Protein chains: 2
Amino acid sequence: MSLPHAILTALIEADLTGYALAKQFDVSLGFFWQASHQQIYRELKRLHTQGQIAVQEVSQMGRPDKRVYSLTDTGRQALEDWVQAPTPRRNSKDELFIKLYNMGTVPLESMLRAIAERRQQHVSRLALYRKIEHRSYANPQTLSAHKKGVYLSLLAGIRQEEAALTWCEEALILLRA
Amino acid sequence: MSLPHAILTALIEADLTGYALAKQFDVSLGFFWQASHQQIYRELKRLHTQGQIAVQEVSQMGRPDKRVYSLTDTGRQALEDWVQAPTPRRNSKDELFIKLYNMGTVPLESMLRAIAERRQQHVSRLALYRKIEHRSYANPQTLSAHKKGVYLSLLAGIRQEEAALTWCEEALILLRA
DNA sequence: CGGTACATGTAATCTGTTACATGATTCA
DNA sequence: TGAATCATGTAACAGATTACATGTACCG
């Protein structure tokens, strides 16, 4: 039930097309909430009929016409209400852990491979997060309230990746012993 | 696409009813993969028509009749194949981070409340994991291969909760400064 | 007498994924 | 000439959530 709120959130900073929204959901906000363009276009229609966003059609030369969405007062209010409401915890799902419950029935090598592969993914992702951190959030205390929020999301990502990476190392050591 | 494999995995150790499976998905395996009883009963039917599990109907006195499911050789093989196949990473979704992107538009107090509440959830969950760890996995090196796998899942949960807890503390410090 | 455990389901809805569809422009 | 970017959509299907539905036995 939070894709609509993620969309409204992306529209706080700037008016965007569905296409541009889909790109946002590949980076930044997208590190913590993903959505395909199909989902986004579907949701934009819903939000529009509910009066939470407004559309402006823009004709372009040489490019397809586009529909630029912006927050309405209704939408802004709905978003604020949602932000202040309780925040349920999502259940995390990871196939890797189900696979671990199968240890003993498959060759150890295939488990080690899966963990080593996962380890590499965490290394890359962590490097990306750290790069963004150094580039844009070197002095957290001096940031505006809004940027502190964005920074804290990034920091959460960093802590998650570090923890996952630590676990991979520990798992490899235990299984190779 | 992994609920069926999670079910097959639970059936490795013991034959179970749909009801008992649903309970497993509240603890143990359920820490890493959740499913409601509705999903489970639906999936059991599917797995049965595919020949991956067998059923035995058991009449009981004073209690409803039950259907006890067990792995077939086909199911066991399908599970092994899946375990050795590549493991995609799930996208993590957390509303709390979308809310953080809204900082500056709502009272700081409500953010602090949300983070403090989340902090408390991590404290409880971590305590639970640690209790299980001390009770059943005090000496990881001495465990059987299968139990090492189960233990490593638990350890992953511990590392996740620790990281999340650390982040909560850091966030509260930055926002209160 | 009320709640919990046991035990299994259907129906409706919502969310997410995959596949299909179109079409111009820019860059290598 | 072929790939990538911009731009918006439909359709089908799969997966997850919520609500509804039934009925016994045991414990306090």
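Residue numbers start from 1 in every chain, and the chains themselves are labelled A, B, ... in the order their sequence lines are given, proteins ahead of strands. Quantities reported herein were computed from a predicted structural model and do not represent experimental measurements.
The existence of a salt bridge linking A/R118 and A/E95 is excluded, since no basic side-chain nitrogen approaches an acidic carboxylate oxygen closer than 4.0 Å. Using a cut-off of 4.0 Å between Lys/Arg side-chain N and Asp/Glu carboxylate O, B/E161 and A/R89 are scored as salt-bridged. A salt bridge does not link A/R159 with B/E169: every distance from a Lys NZ or Arg NE/NH1/NH2 to an Asp or Glu carboxylate oxygen is 4.0 Å or more. Salt-bridge check for B/K66 with B/E57: failed, with every basic side-chain N at 4.0 Å or more from each acidic carboxylate O.
Of the residues in residues 14-22 of chain B, those lying under 4.0 Å from DNA chain C by heavy-atom distance are B/T17, B/G18, B/Y19.
For B/F25 and D/dT17, the CZ to C1' distance is 16 Å, given to the nearest whole Å. One atom, CD of B/Q24, and another, P of C/dC6, lie 13 Å apart when rounded to the nearest Å. Distance, A/K66 NZ to D/dG9 C1': 17 Å, rounded to whole Å. Atom pair B/Y41:OH and C/dC6:P shows a separation of 11 Å (rounding to whole Å applied). Protein atom CZ of A/R67 is 12 Å distant from nucleotide atom C1' of D/dA7, rounded to whole Å. Nucleotide D/dA7 holds its P atom 13 Å from the OH atom of A/Y69, rounded to whole Å.
In this structure, the side chain of A/D94 engages the main chain of A/L96 through a donor-acceptor pair within 3.5 Å. Formation of a donor-acceptor pair under 3.5 Å by the A/K99 side chain with backbone atoms of B/A85 is found in this model.
The phosphate of C/dC6 (OP1 or OP2) has a side-chain N or O of B/K23 nearer than 4.0 angstrom.
Under the 30°/60° scheme for interplanar angles, the aromatic rings of B/H48 and B/Y69 are found to stand perpendicular.
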Exercise. Checking side chain to side chain contact (heavy atoms under 4.5 Å, CB included) for the pair B/K93/B/I98: CA distance, chi angles, key distance, verdict?
Worked result: CA-CA 9 Å; B/K93 292 190 171 179; B/I98 305 181; over 6 Å; no
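In the set D/dG9, C/dG9, D/dA7, D/dA7 carries the atom at the smallest distance from any side-chain atom of A/Q60.
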Exercise. What string of B, S and - do you get for nucleotides 11-24 of chain C, 5' to 3', when a contact is any protein heavy atom under 4.0 Å?
Worked result: ----SBBBB---B-
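Between A/F31 and B/F97, the distance separating the two ring centers is not shorter than 6.0 angstrom.
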